[in-house]
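First the structure, in the form of structure tokens, and then the observations on it.
Since we're looking at a predicted model, the values are computed, not measured. Sequential numbering from 1 along the given sequence is applied to the chain's residues.
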Amino acid sequence: MAAAAQVVHQQGAERTTIADIARAADVQVGNVYYYFKTKDELVAAALTEHTRQLETLTGELGRLPDPRERLKSLVRGWVGQRDLAARYGCPTGTLATELDKRAAGGLDKEAGKVIRLLLDWVASQFRELGLTDPDGLALTLVGAYQGMSLLTNALRDPQIMVKEGDRLIAWLDTL
């Protein structure tokens, strides 16, 4: 599943083949076919991996005692991925956009669920801080991340993530 997430992020769902996943996972193609019969099953596995990674990250951030520090650490983590963002964009955001262009399948809604998990976690941090409109603040923060990730990728400029990350951290300090 980790190989599926990585390759789909780097190549996109439409260009990724089962053979690509097998190569990245260093297993025989037949082994991949055993678990995943279709490309959609591979994409679903990639989304499951995105969910797992997000749950791991938020679990680790949850160990920090202060919700503001959790949010600032989240932003720092995004900035830490700036080189990947410059090359491929946000793993979940770019996949959600690509899947939305498909005529059918429902995987676009699955990608939306991963983003919803992030939004809900971020909102819970704002809620814990006692701030008004935690859902709106979560949309602002996650939307800013998606925007800076998209611009970093489109312009191939990792410094956008650095500058915007600094701006977001300063914003969090004002709340």
Side-chain angles (χ1 to χ4, degrees), residues 1-14 16 21 36 38-64 66-82 84-85 88-154 160-161 164-165 167-169 171-172 175:
M1 287 176 30
Q6 176 190 351
V7 175
V8 167
H9 181 213
Q10 292 174 351
Q11 296 181 184
E14 296 308 316
T16 297
I21 304 298
F36 309 106
T38 66
K39 183 184 284 192
D40 279 0
E41 289 179 7
L42 278 172
V43 173
L47 288 167
T48 298
E49 179 64 13
H50 287 277
T51 299
R52 188 198 64 74
Q53 290 173 1
L54 179 58
E55 289 170 346
T56 299
L57 173 64
T58 56
E60 290 170 4
L61 292 173
R63 293 187 196 121
L64 296 172
D66 178 60
R68 188 178 322 271
E69 285 307 312
R70 290 179 211 137
L71 292 169
K72 289 165 63 173
S73 291
L74 176 66
V75 172
R76 287 185 200 104
W78 291 337
V79 172
Q81 297 294 312
R82 64 188 171 273
L84 277 174
Y88 306 112
C90 166
T92 307
T94 56
L95 183 55
T97 301
E98 182 180 0
L99 294 173
D100 187 54
K101 291 176 176 47
R102 287 178 158 189
L107 287 172
D108 55 332
K109 291 180 181 156
E110 293 304 311
K113 288 179 184 178
V114 179
I115 294 171
R116 172 56 59 196
L117 284 172
L118 176 60
L119 282 167
D120 290 346
W121 184 85
V122 170
S124 72
Q125 304 312 301
F126 286 124
R127 201 168 285 109
E128 192 173 331
L129 285 168
L131 297 173
T132 305
D133 192 20
D135 294 326
L137 292 169
L139 279 172
T140 298
L141 183 62
V142 174
Y145 164 61
Q146 288 300 320
M148 69 190 206
S149 181
L150 175 108
L151 290 170
T152 295
N153 177 244
I160 291 171
M161 295 285 282
E164 292 305 305
R167 197 179 325 268
L168 287 174
I169 288 172
W171 172 69
L172 288 167
L175 298 176

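Summarising the geometry of Ala5 relative to His50, their closest heavy-atom pair is CB-NE2, 4.3 Å, with the distance given to 0.1 Å. In terms of heavy atoms, Ala4 sits closest to Leu42 at CB-O, 3.9 Å. Annotation for Leu64 and Ser73: closest pair CD1-OG, 3.4 Å, computed over non-hydrogen atoms. The nearest pair of heavy atoms linking Leu107 to Ala44 is CD2-CB, 4.0 Å. Contact record, Met1 with Ala45: CG-CB, 3.8 Å, taken as the closest heavy-atom pair. Residues Thr152 and Ala85 approach most closely at CG2-C, 4.0 Å, considering heavy atoms.
Side-chain atoms of Glu164 do not come within 3.5 Å of backbone N or O of Ala144 as any donor-acceptor pair. Using a distance-only test at 3.5 Å, with no hydrogens or angles considered, a donor-acceptor pair links the side chain of Arg68 to the main chain of Leu175. Ser149 contributes no side-chain N or O that, together with a main-chain N or O of Gln146, makes up a donor-acceptor pair within less than 3.5 Å. Distance alone, capped at 3.5 Å, is enough to place a donor-acceptor pair between the His9 side chain and the Gly89 backbone. Looking only at distances, no side-chain donor or acceptor of Glu110 sits under 3.5 Å from a matching main-chain atom of Leu47. Side chain of Arg82 to backbone of Val79: a donor-acceptor contact under 3.5 angstrom is found.
Rounding to the nearest 0.5 Å gives a distance of 7.5 Å between CD1 of Ile21 and CD of Gln11. Put simply, CZ on Arg116 and OG1 on Thr51 are 13.5 Å apart, with the number rounded to the nearest 0.5 Å. A distance of 12.5 Å separates CZ of Arg70 from CG of Leu57, quoted to the nearest 0.5 Å. Expressed to the nearest 0.5 Å, how far NZ of Lys109 lies from CG of Leu99 amounts to 12.5 Å. Remark: Phe126 CZ to Thr132 OG1 distance equals 12.0 Å, nearest 0.5 Å. Note that SG of Cys90 is 8.5 Å distant from CG of Leu118, once rounded to the nearest 0.5 Å.
Glu69 has its side chain out of reach of Leu61: every pair of non-hydrogen atoms, C-beta onward, lies at least 4.5 Å apart. In this structure, the side chains of Val75 and Lys72 stay at 4.5 Å or more apart for every pair of heavy atoms. With contacts defined as side-chain heavy-atom distances shorter than 4.5 Å, the pair Val43/Phe36 does not qualify. No side-chain heavy atom of Tyr145 sits less than 4.5 Å from a side-chain heavy atom of Leu74. Side-chain atoms of Leu137 and Trp171, non-hydrogen and from C-beta on, do get closer than 4.5 Å to each other.
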Met161/Leu151 under side-chain contact (heavy atoms from CB on, under 4.5 Å): CA gap, chis, key distance, verdict: CA-CA 9 Å; Met161 295 285 282; Leu151 290 170; over 6 Å; no
Give the intermediate values and the outcome of salt bridge (charged side-chain N to carboxylate O under 4.0 Å, His left out) for residues Glu55 and Arg52. CA-CA 5 Å; Glu55 289 170 346; Arg52 188 198 64 74; over 6 Å; no
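Each of Leu141, Leu117, Leu139, Thr140 was scored for a side chain to side chain contact (heavy atoms under 4.5 Å, CB included) with Val122, with one residue passing: Leu141.
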